[in-house]
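Position 1 is the first residue of the sequence, and the numbers go up from there.
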Amino acid sequence: MKRLKRTYNFSTPSWLRSVQSILYDFIIPLTIFQTIRTLLLPTFIDIILLVIFITLTIRTHWQQP
């Protein structure tokens, strides 16, 4: 008796991939801008935003194509 192989397709939709590619283009300039802003006027919100941008930058850098 043959066993059926199940294939799972968990690929992202095309509209989400296009949004991700646009955001990947802007994440490094946003991170640099937020770093400068946090150095000049450090508030709690700025620090949280900077942490979010840094994690997104690291995620995009280590993401496999």
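By the neighbour-count criterion of 12 heavy atoms within 6.0 Å, atom CD1 of Ile45 is sparsely surrounded, having that number or fewer from other residues, nucleotides or ligands.
Separation of atoms CZ (Phe44) and OG1 (Thr38) is listed at 12.5 Å; rounding is to 0.5 Å.
Both Trp62 and Ile54 are members of a single hydrophobic cluster when ILVMFWY side chains are connected at heavy-atom separations under 4.5 Å. Residues Ile48 and Ile36 are members of one and the same hydrophobic cluster, defined by side-chain heavy-atom contacts under 4.5 angstrom among Ile, Leu, Val, Met, Phe, Trp and Tyr.
Taking the side chain as every heavy atom from C-beta outward, Trp15 and Gln20 never approach each other to under 4.5 Å.
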Can you give the donor-acceptor pairs under 3.5 Å from side chains of residues 27-34 to other protein atoms, not counting sequence neighbours?
unit_1 : atom_1 : unit_2 : atom_2 : d
Thr31  : OG1    : Ile27  : O      : 2.7
Thr31  : OG1    : Thr57  : OG1    : 3.0
Gln34  : NE2    : Asp46  : O      : 3.3
Gln34  : NE2    : Asp46  : OD1    : 3.2

